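The chains referred to below are lettered A, B, ... by the order of the sequence lines, with proteins before strands, and numbering in each begins at 1. Fair warning: this is a prediction, and the values are worked out from it, not measured in the lab.
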2 protein chains.
Amino acid sequence: MSKLDMDQNELTIGRLAEFANVNVETVRYYQRIGLVDEPEKPEQGFRKYPNSTVKQIKFIKRAQQLGFNLQEITDLLELGDSHCHDVRIRAELKRDKISKQIKDLQDMQTALTNLIDTCHTGKTEPKCPLVESLFA
Amino acid sequence: MSKLDMDQNELTIGRLAEFANVNVETVRYYQRIGLVDEPEKPEQGFRKYPNSTVKQIKFIKRAQQLGFNLQEITDLLELGDSHCHDVRIRAELKRDKISKQIKDLQDMQTALTNLIDTCHTGKTEPKCPLVESLFA
DNA sequence: ATAAACTCCGTACCCAGGTACAGAGTCAAG
DNA sequence: CTTGACTCTGTACCTGGGTACGGAGTTTAT
């Protein structure tokens, strides 16, 4: 095993960030809030990060895309491998929350569409019926 | 017209906030960002707000519920009565944005549901398949 | 051996949309 | 005429998810 191979498993923060497609400052931020472990600082030189941290950050980013916030992701990671049932419960809760968000947005959409229709009817009104109906 | 009637049309900030169902600090905040006009401070006593400000704040709150942010609401109010066509365009743009948000959330929902199904298949796995598949 | 590039550390700042609070002035009721 | 409730003003703080920066120290390439 060459020194180069070792290096790929012992990343500096810059390379870690590069592989994980995040900013270096983001990694430090995740460490600050306890979402990612910070390796001990060696006597000599810079901190070394294992390859697994790349995966962990990618996990975080995927979970964010699913609508989990960082606190929820922290909780998920703390649950870890052991409490599969709890993880599923959380995923289901999140799915339900998303359903509600969708419903709210659909209501907004409907209301907006109604307003826009109002606006279409009165062509050259002195006052915009859309604004008027929001005021009413 | 009694003095009491006058008072109802000349509100203090506290009564304004009460009628508009917002916090006094929120009114001040809206004034700070130029969303609501701040009346001149009289030589003697406190500022007086016209009843129309109540309507204006309620408009803001309704528009927020439709997904407009305060900057967009500022723009809408500046357009005022005159440019009905522009108002309609903005409403349509907002509606389109909401459509996209709904689509994104539906994608999240699908992804979460798939993960939850994965979780159901492996009953008593040593590692949670849901977490594993997020890591993969 | 030196310069560029990187890391470390602490702290400050960004966004939106407010909320909180201190200290002073003012108003209204009893 | 005093007491309690309200207003005014300025400034600081909050949440979430980062980003920026300054002045070290360290490493790597030439």
Side-chain angles (χ1 to χ4, degrees), chain A residues 3-4 6-8 10-49 53 56-77 94 97 101, chain B residues 3-4 6-8 10-49 53 57 59-77 94 97 101:
Chain A
K3 195 159 187 319
L4 188 66
M6 290 294 296
D7 284 351
Q8 285 178 340
E10 296 270 289
L11 310 164
T12 62
I13 195 168
R15 276 159 73 66
L16 166 63
E18 195 181 334
F19 284 130
N21 283 313
V22 295
N23 198 308
V24 168
E25 301 301 328
T26 303
V27 178
R28 296 201 206 283
Y29 173 67
Y30 287 171
Q31 290 173 349
R32 276 209 300 287
I33 65 172
L35 188 49
V36 163
D37 285 339
E38 184 166 18
E40 289 301 310
K41 188 182 179 182
E43 299 278 306
Q44 209 71 340
F46 303 144
R47 288 187 178 77
K48 298 293 180 187
Y49 293 81
T53 308
Q56 202 178 347
I57 291 172
K58 287 187 170 177
F59 170 93
I60 292 164
K61 286 296 169 188
R62 265 193 293 276
Q64 273 188 316
Q65 283 171 13
L66 289 174
F68 291 91
N69 66 27
L70 296 186
Q71 183 53 60
E72 291 167 333
I73 296 169
T74 305
D75 295 347
L76 279 181
L77 287 171
K94 176 54 67 177
K97 256 175 86 177
Q101 272 181 275
Chain B
K3 194 160 188 317
L4 187 67
M6 290 294 294
D7 284 349
Q8 284 177 342
E10 295 269 288
L11 309 165
T12 61
I13 195 168
R15 276 159 73 66
L16 166 64
E18 196 181 335
F19 284 132
N21 282 314
V22 296
N23 197 308
V24 168
E25 301 300 327
T26 302
V27 178
R28 295 200 205 284
Y29 173 66
Y30 288 170
Q31 290 175 348
R32 275 208 301 285
I33 65 172
L35 187 50
V36 163
D37 285 339
E38 184 166 18
E40 290 300 311
K41 189 182 177 179
E43 299 278 306
Q44 210 70 342
F46 303 143
R47 286 188 178 77
K48 298 292 181 189
Y49 294 80
T53 307
I57 290 172
F59 171 94
I60 293 164
K61 287 295 168 190
R62 264 192 293 276
Q64 273 187 316
Q65 283 170 16
L66 289 173
F68 291 92
N69 65 29
L70 296 186
Q71 182 53 59
E72 291 166 334
I73 295 168
T74 305
D75 296 346
L76 280 181
L77 287 171
K94 176 54 65 178
K97 255 174 87 177
Q101 274 181 275

(Q) What is the distance, to the nearest angstrom, from the CD atom on B:Gln65 to the P atom on C:dG17? (A) 14 Å

Q: Identify the two heavy atoms, one from A:Gln56 and one from A:Leu77, that lie closest to each other, and give their separation to 0.1 Å.
A: NE2-CD1, 3.9 Å

Q. Taking only side-chain nitrogens and oxygens of A:Arg15, does any of them come within less than 4.0 Å of OP1 or OP2 of C:dA5?
A. no

Q: Calculate the interatomic distance between B:Asp75 atom CG and C:dA16 atom P; express it in whole Å.
A: 12 Å

(Q) To check you understand the geometry: which heavy-atom pair defines the closest contact between A:Thr12 and A:Tyr49, and what is its length? (A) C-CD1, 4.0 Å

Q | Selected nucleotide, minimal atom distance to B:Phe46 side chain, candidates D:dT26, D:dC8, D:dT19 | A | D:dC8

Q | Base of C:dT11 paired with side chain of A:Arg28 (donor-acceptor, under 3.5 Å) | A | no

Q. Are any of A:Thr12's side-chain N or O atoms less than 4.0 Å away from OP1 or OP2 of C:dC6?
A. no

Q) B:Gln44 or A:Lys41: which one's nearest nucleotide on DNA chain C is closer to the 5' end? A) A:Lys41

Q: Starting from P on D:dC21, measure out to CD on A:Glu25 and report it in whole angstrom.
A: 10 Å

Q) For the side chain to side chain contact (heavy atoms under 4.5 Å, CB included) test, which of B:Thr74, B:Asp75, B:Ile73 pairs with B:Phe68? A) B:Ile73

Q) Just how far, in rounded Å, is C1' of C:dA16 from CD of B:Gln64? A) 10 Å

Q. Looking only at side-chain N and O atoms, does B:Lys61 come under 4.0 Å of OP1 or OP2 in C:dG18?
A. yes

(Q) Can you measure B:Arg32 atom CZ to C:dA16 atom P for me and round it to whole angstrom units? (A) 14 Å

Q: Ignoring the backbone of A:Arg47, work out which of C:dT7, C:dC8, D:dG18 is nearest its side chain.
A: C:dC8

Q) Looking at side-chain heavy atoms only, is the closest gap between B:Arg47 and B:Ile13 below 4.5 Å? A) no

Q. Over how many whole Å does the gap from B:Asn69 atom CG to C:dC15 atom P extend?
A. 14 Å

(Q) Please determine whether the number of non-hydrogen atoms from other residues, nucleotides or ligands lying under 6.0 Å from atom CG of A:Asn23 exceeds 12. (A) yes

**Q.** Position toward the 5' end of DNA chain D (nearest nucleotide), B:Glu38 or A:Tyr30
**A.** B:Glu38

Q: Identify which nucleotide among D:dT7, C:dT7, C:dT19 has an atom closest to any side-chain atom of B:Thr26, counting heavy atoms from C-beta outward.
A: C:dT19

Q.
Rounded to whole Å, how long is the line connecting atom CD of B:Gln31 with atom P of C:dG18?
A. 14 Å

Q) Roughly, in whole Å, what's the span from CD1 in A:Ile33 to C1' in D:dT15? A) 13 Å

